[in-house]
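Working notes, structure below.
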There are 2 protein chains.
Amino acid sequence: MGASKIDGFTPAQLHLAEYAHALGHPARIAILQFLAQRRRCLCGDIVNGLPLSQATISQHLKALRQAGLIKGHSDGPSVHYSIDEKIWNRARHALGNLFLHCTPAETQETSAVVVQSQD
Amino acid sequence: MGASKIDGFTPAQLHLAEYAHALGHPARIAILQFLAQRRRCLCGDIVNGLPLSQATISQHLKALRQAGLIKGHSDGPSVHYSIDEKIWNRARHALGNLFLHCTPAETQETSAVVVQSQD
DNA sequence: CTGATAAATCGTATTATTACGATCTAACCA
DNA sequence: TGGTTAGATCGTAATAATACGATTTATCAG
């Protein structure tokens, strides 16, 4: 179909898939890395930094916003974007748990640590 | 377009997006958790365990296989699927690095640990 | 060889995604 | 008020993804 079946999956599985889906495009990865480097930056900075049009960047920003991973703060005519730490950490823990529970025993120790911080 | 622009992104960004994309569907999350529980299981077990048709499951298995996250081993008419530890750990480290470099300082300590194991 | 079973693949309908030019909106300055 | 700038949204074209019935392929049992 193109539309995913939702019923039959747990909320945790749906959230995890939602976070991973938001990360599932190189432009959105690049945007997040861009935001991480500058800690906070204008939409226009991202447009200048990536090989995509302003409209496309805006669309990717919307996708990241809808997943909750970033937030925008209007400042006059421009918008400062930044990573939303709360949801970002939720995604981090959700993915950490996935790797914790799906990674074979021999290599589990290190991925286990990632879910310890409960901030 | 529907087709993503590839040029202008680093191989690391492309790989990361590819792994995340493979994880970006609840059925594929569920399949991986299923494989993790049983350590190795038949395709038919997954079909029985999820609310999707055999054809759809097979399609999701193909997506996970193409991303390298799982591998299949024929056993007679049936196929045993299991997580591919090598690529799985690559994905784990790639995502760990993303969270390491994109997570604000106050909460970085724990996610840093996830990339220490170099198996 | 025949039949049965497991899984992949085909065909196809539906919806989602990606990309970009063009336009709209909001905030600012003169 | 009029012009400028930043960013979002619209419209649209092309392609990917999702789902499933039907069919094919491969393997084993008899």
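Owing to the predicted nature of the structure, the values given are computational and were not obtained by experimental measurement. In what follows, chains are A, B, ... by sequence order, proteins preceding strands, each numbered from 1.
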Find which nucleotide of DNA chain D each of B:S53 and A:R65 is nearest to by heavy atoms, and output the residue with the more 5' nucleotide.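 Here A:R65 is the residue nearer the 5' end.
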Please compare B:A63 and B:D75 by the position of their nearest nucleotide in DNA chain D and report the one closer to 5'.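 Residue closer to the 5' terminus by nearest nucleotide: B:A63.
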Residue closer to the 5' end of DNA chain C, A:Q54 versus B:K5 (nearest nucleotide):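 By nearest-heavy-atom nucleotide position, the 5'-most residue is B:K5.
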Nearest-nucleotide comparison on DNA chain C, the residue closer to the 5′ end among A:G76 and A:H60: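 The residue whose closest nucleotide sits nearer the 5' end is A:H60.
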Does a side-chain N or O of [X] approach OP1 or OP2 of [N] to a distance below 4.0 Å, or not?
{"X": "A:Y81", "N": "D:dA6", "answer": "no"}
{"X": "A:H21", "N": "D:dA17", "answer": "no"}
{"X": "B:H25", "N": "D:dA16", "answer": "no"}
{"X": "B:T56", "N": "D:dC20", "answer": "yes"}
{"X": "A:S78", "N": "D:dA6", "answer": "no"}

Separation of atom [atom1] in [X] from atom [atom2] in [N], rounded to whole Å:
{"X": "B:H80", "N": "C:dA8", "atom1": "NE2", "atom2": "P", "value": "13 Å"}
{"X": "A:L42", "N": "C:dA27", "atom1": "CG", "atom2": "C1'", "value": "14 Å"}
{"X": "A:K71", "N": "D:dA8", "atom1": "NZ", "atom2": "P", "value": "16 Å"}
{"X": "A:L61", "N": "D:dA6", "atom1": "CG", "atom2": "C1'", "value": "13 Å"}
{"X": "A:I46", "N": "C:dA19", "atom1": "CD1", "atom2": "P", "value": "15 Å"}
{"X": "B:I6", "N": "D:dA16", "atom1": "CD1", "atom2": "P", "value": "11 Å"}
{"X": "B:K62", "N": "C:dA6", "atom1": "NZ", "atom2": "C1'", "value": "17 Å"}
{"X": "A:R28", "N": "C:dA19", "atom1": "CZ", "atom2": "C1'", "value": "13 Å"}

Considering every strand and a 4.0 Å limit on heavy-atom distances, what is the contact class for [X]: base, sugar-phosphate, or nothing?
{"X": "B:A3", "answer": "sugar-phosphate"}
{"X": "A:S58", "answer": "base"}
{"X": "B:L52", "answer": "sugar-phosphate"}

From the set C:dA8, D:dT5, D:dC20, return the single nucleotide nearest to any side-chain atom of A:P77.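 Among the listed nucleotides, the one closest to the side chain of A:P77 is D:dT5.
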Is there a side-chain contact between [X] and [Y] (heavy atoms, below 4.5 Å)?
{"X": "B:L23", "Y": "B:L32", "value": "yes"}
{"X": "A:C41", "Y": "A:L35", "value": "yes"}
{"X": "B:L16", "Y": "B:Q13", "value": "no"}
{"X": "A:H60", "Y": "A:L50", "value": "no"}
{"X": "B:L42", "Y": "B:H80", "value": "yes"}

For a quick check, tell me whether the side chain of A:Q59 and the base of D:dC10 share a donor-acceptor pair closer than 3.5 Å.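 Such a pair does not exist between side chain and base.
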Any idea how A:H25 and B:F9 line up, ring-wise: parallel (<30°), tilted (30 to 60°), or perpendicular (>60°)?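 Perpendicular: the ring planes of A:H25 and B:F9 meet at over 60°.
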